[in-house]
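Here the structure is a predicted model, which means the values were calculated and not measured. These values consider heavy atoms only, across backbone and side chains, with no hydrogens, waters or symmetry-generated copies.
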There are 2 protein chains.
Amino acid sequence: MTASPPTPQPGVAFLLAQLGAHAAGLFAERIAALDLTPPQAGLLRMLAAAPGRSQRELAGDLGMPPSRFVPFADELEKRGLIERRRNASDRRVYALHLTEKGEALLAELAQAGMAHEHLLCEALTAEEHDRLLGLLRRIADQQGLRPDVHPGYRTLRPRPKP
Amino acid sequence: MTASPPTPQPGVAFLLAQLGAHAAGLFAERIAALDLTPPQAGLLRMLAAAPGRSQRELAGDLGMPPSRFVPFADELEKRGLIERRRNASDRRVYALHLTEKGEALLAELAQAGMAHEHLLCEALTAEEHDRLLGLLRRIADQQGLRPDVHPGYRTLRPRPKP
DNA sequence: TGATAATGATTACAGATCAGAACGATTGTC
DNA sequence: GACAATCGTTCTGATCTGTAATCATTATCA
């Protein structure tokens with residue numbers, strides 16, 4: 001009889017999920033040195049890309065309920081990385097901005113991102129890296145994923161120290 | 001002056017994390033129709049690939065503490081998908097196996113996986129798909145990722161219903 | 001104008017989830 | 001034959017989570 005393997009071969013979808021979680025984990029470890037979690041880094045990036053948005057909008061993009069966004073932003077504000085500015089025309093909303101200190105940290109974050117990218121793609125030549133980048137972008141586009149936001153930002157917890 | 005974008009361009013690492021979370025989310029939605037969560041599906045696959053292992057080993061591969069594995073396996077056993085068999089030579093350990101019902105469900109799971117793969121890679125031609133598969137496998141190998149296990153299995157929670 | 005509904009930020013709260021310690025049963029060591 | 005180690009399990013305190021209520025402000029519209 002022939003032994004048919006029930007797990008034939010991991011496909012693209014499985015490898016994406018596996019590698020994605022792996023990459024996210026490594027990145028989380030790395031930026032822990034900057035005292036940042038992935039969702040925090042995500043917010044900083046979002047504020048750099050589009051400053052002055054309301055908390056509700058940002059919470060929506062991050063995929064978390066507004067109630068949980070409050071203490072989340074509180075800590076970043078307490079550390080002087082972001083700023084809540086009252087809107088004169090509509091005094092209900094806060095417009096969130098990056099402080100200078102926040103921008104400085106974002107620069108460090110960019111460096112960390114480069115090092116992370118380099119280490120993760122160690123197995124690939126430069127042109128393979130570019131080819132992979134193109135293929136992934138095509139999928140991301142077609143799947144309707146917006147740049148700068150990803151679903152992994154929903155949770156705060158990922159902070160394991162093995 | 002030149003406006004330098006603080007988020008230059010998402011790299012491979014970011015796209016992997018983003019697409020990985022996206023793919024995992026879609027898959028979770030899909031197998032919810034079979035009343036399965038990703039970690040449950042993962043265990044079924046692991047048992048098919050290597051039957052008879054102990055709970056501690058499996059918990060380790062899944063990335064969860066043994067204490068949490070117990071109720072996790074309990075439900076699958078209650079549903080008649082897996083079986084705990086006592087080891088005669090060492091009566092401390094349980095050897096976990098798939099039941100027939102479990103194998104049947106695994107077949108449905110494989111079908112779901114195929115459909116998932118197809119929908120996710122809709123943007124790619126067949127040869128692009130293969131090229132991508134090759135590149136991802138190279139990275140996974142070099143990063144020391146074992147087939148059939150991924151870090152996203154650590155948590156049970158992901159069951160949001162938007 | 002003025003009452004009512006809608007919106008943003010926040011707080012309150014009740015329930016789920018988590019990891020590690022503690023526990024009995026069994027086995028290896030010497 | 002005592003003692004340490006291992007496996008499965010239960011217990012427990014702390015953390016995290018989403019929903020609903022609250023307060024201030026703004027829009028709607030008769």
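- Ring pair His150(A)/Phe14(B) is parallel by interplanar angle, where below 30° counts as parallel and above 60° as perpendicular.
- Nearest nucleotide to the side chain of Asp90(A), out of dT26(D), dG8(C), dT19(D): dT26(D).
- Taking 4.5 Å as the limit, some side-chain heavy atom of Leu81(A) sits within range of a side-chain heavy atom of Leu105(A).
- Rounding to whole angstrom units, CZ of residue Arg86(A) and C1' of dT26(D) are separated by 13 Å.
- The side chain of Val70(A) lies closest to dA9(C), out of dG8(C), dT26(C), dA9(C).
- One atom, CE of Met64(A), and another, C1' of dC16(D), lie 12 Å apart when rounded to the nearest Å.
- Here the nucleotide nearest the side chain of Pro66(B), chosen from dT9(D), dC18(C), dT10(C), is dT9(D).
- Listed nucleotides: dG8(D), dA21(C), dT7(C). Nearest to the side chain of Gln55(B): dG8(D).
- Other residues, nucleotides and ligands contribute over 12 non-hydrogen atoms within 6.0 Å of the CZ atom of Arg86(A).
- Residue Phe69(A) is out of contact with every strand shown, counting any heavy-atom pair closer than 4.0 Å.
- Between Glu77(B) atom CD and dT9(D) atom C1' there is a gap of 13 Å when expressed in whole angstrom units.
- One can place CG of Leu62(B) at 12 Å from P of dC18(C), the figure rounded to the nearest angstrom.
- With hydrogens and angles ignored, no donor-acceptor pair under 3.5 angstrom links the side chain of Ser67(A) to the base of dT17(D).
- Nearest to the side chain of Ser54(A), among dT19(D), dT25(D), dG8(C), sits dG8(C).
- If you measure from atom CZ of Arg53(B) to atom P of dC7(D), you get 13 Å, rounded to the nearest angstrom.
- Atom CD of Glu57(A) is separated from atom P of dT7(C) by 14 Å (rounded to the nearest Å).
- Arg84(B) comes within 4.0 angstrom of sugar-phosphate atoms only, judged by non-hydrogen atoms across all strands, and of no base.
- When distances are taken from the side chain of Arg68(B) to each of dT26(D), dA20(D), dA19(C), the shortest belongs to dA19(C).
- Regarding Phe72(A), its CZ atom lies at a distance of 15 Å from the P atom of dA9(C), rounded to whole Å.
- Picking from dA20(D), dT25(D), dG8(D) the nucleotide with the shortest atom distance to the side chain of Arg56(B) gives dG8(D).
- Asn87(A) has its CG atom 10 Å from the P atom of dA27(D), to the nearest Å.
- Counting only heavy atoms from C-beta outward, the side chains of Leu26(A) and Leu119(A) never approach each other to under 4.5 Å.
- Closest contact between the side chain of Arg92(B) and the listed nucleotides dT9(D), dC7(D), dT26(D) involves dC7(D).
- Summarising the geometry, atom OH belonging to Tyr94(A) is positioned 11.5 Å from atom CG belonging to Asn87(A); distances are rounded to the nearest 0.5 Å.
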